[in-house]
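Report on the following structure.
What you see is a predicted model, and the numbers here were worked out from it, not measured in a lab.
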Amino acid sequence: MNRSPVRAKAAAAQARGGRAARFRSEPGSTSLPAGNAALLLLAVLAVPCVVASVMWPIASIGITAVFVVLTRTIWMSHWVVRNRTSRRWRVALRVLVFPFAATGSAVTAALWPGVPVVVAAGGALWLTGGGQIGSDWWQQPAPVTAAGVVFGMLCGGITGREIERIGARLPELRREGLRALAVLGGFVALCAAAVRAIALLL
């Protein structure tokens, strides 16, 4: 007598698995490539970002913020089209909702992880600045570089955990590229800090 609910659950799970497999098998089902291709693409993106962060340390904070918002926008776009079976409709919907997803991502990112991360980065700025934050703090390379590292690492860690959580609900989402994109801001800040430290030693 209890077989019908069990069979219904099994059929539903099989349908979800089939839909996820179909999404994974389709080329272009995600906005980021997977595996080594994703790492190569993000490595190429990191080079100009590191250069900009070395020249203007405050740029590392802006770069991290852009990457976090972009990561959230990508998975929000996937969430909107998750129940669509037609690839054409999914692509069209992503294009249409992208501005709204980007706006929503920016607002939510400003609250989380924005508020705690800004507080932590401000603490690093204050400590490395000698216990004070001057009116021209953005022109002080060492404190801003330290604040950028803290900002980037915390943003990457928090966003990476969110990717794992959302990935459990979106099995078709390729998480490799999103993880790399989420931690790219922290990687850029660390590379810029290493370059600046080497320059000071030389």
Side-chain angles (χ1 to χ4, degrees), residues 28-34 37-82 90-125 137-138 144-170 172-193:
S29 63
T30 186
S31 300
L32 287 174
L39 295 177
L40 179 61
L41 173 62
L42 295 171
V44 171
L45 290 176
V47 173
C49 293
V50 171
V51 173
S53 298
V54 171
M55 296 176 64
W56 307 286
I58 192 65
S60 63
I61 296 176
I63 290 168
T64 299
V66 168
F67 286 150
V68 169
V69 171
L70 182 58
T71 303
R72 284 174 174 264
T73 302
I74 290 173
W75 85 54
M76 285 182 69
S77 299
H78 275 275
W79 182 265
V80 171
V81 303
R82 67 190 185 282
R90 290 199 302 274
V91 173
L93 279 175
R94 284 176 191 154
V95 173
L96 291 174
V97 305
F98 186 85
F100 304 100
T103 302
S105 299
V107 172
T108 56
L111 299 175
W112 178 263
V115 172
V117 168
V118 166
V119 171
L125 181 70
W137 60 268
W138 61 88
V144 174
T145 299
V149 171
V150 172
F151 188 90
M153 298 300 291
L154 289 180
C155 279
I158 293 173
T159 308
R161 295 192 62 171
E162 290 182 332
I163 290 170
E164 293 303 318
R165 188 176 68 252
I166 199 69
R169 301 180 182 180
L170 295 175
E172 72 277 5
L173 187 65
R174 294 177 183 172
R175 284 175 277 182
E176 297 89 350
L178 279 182
R179 288 193 203 100
L181 187 63
V183 302
L184 189 55
F187 174 74
V188 167
L190 282 174
C191 289

Going by distance alone, is a donor N or O of one side chain under 3.5 Å from an acceptor N or O of the other, for E162 and W75? no
Roughly how far apart are F187 CZ and L190 CG, rounded to 0.5 Å? 8.5 Å
Which distance, rounded to the nearest 0.5 Å, do you find between the CZ of R161 and the OG1 of T159? 12.0 Å
Nearest-0.5 Å distance that lies between atom CG in L178 and atom CZ in F67: 13.0 Å
Between the main-chain N or O of T73 and the side-chain N or O of S105, is there a donor-acceptor pair closer than 3.5 Å? yes
Minimum side-chain heavy-atom gap F151-V118 below 4.5 Å: yes
Close side-chain approach of F100 to M76, heavy-atom, < 4.5 Å: no
Can you tell me how far CG of L45 sits from CD1 of I63, rounded to the nearest 0.5 angstrom? 10.5 Å
Tightest non-hydrogen contact, residues G186 and T64, listed as N-OG1, 4.2 Å
In Å, rounded to the nearest 0.5 Å, how long is the span from CD1 of I163 to CZ of R72? 9.5 Å
Close side-chain approach of R90 to H78, heavy-atom, < 4.5 Å: no
Student check: side-chain heavy atoms of I58 and W137 closer than 4.5 Å: yes
Between V50 and C191, the two heavy atoms sitting closest are CG2-CB, 3.8 Å
Looking only at non-hydrogen atoms, find the nearest pair between V188 and S53 and report the distance. CG1-OG, 3.4 Å
Filter on salt bridge (Lys or Arg N to Asp or Glu O under 4.0 Å), then keep only pairs touching residues 144-153, sequence neighbours left out; what's left? none
Shortest non-hydrogen contact from V97 to S77? CG2-OG, 4.4 Å
For the residue pair V68 and A109, what are the closest heavy atoms and their distance? CG1-CB, 4.2 Å
To the nearest 0.5 Å, what is the distance between CD1 (I74) and CG (L181)? 5.5 Å
Of all heavy-atom pairs linking G177 and L42, the shortest is O-CD1, 3.8 Å
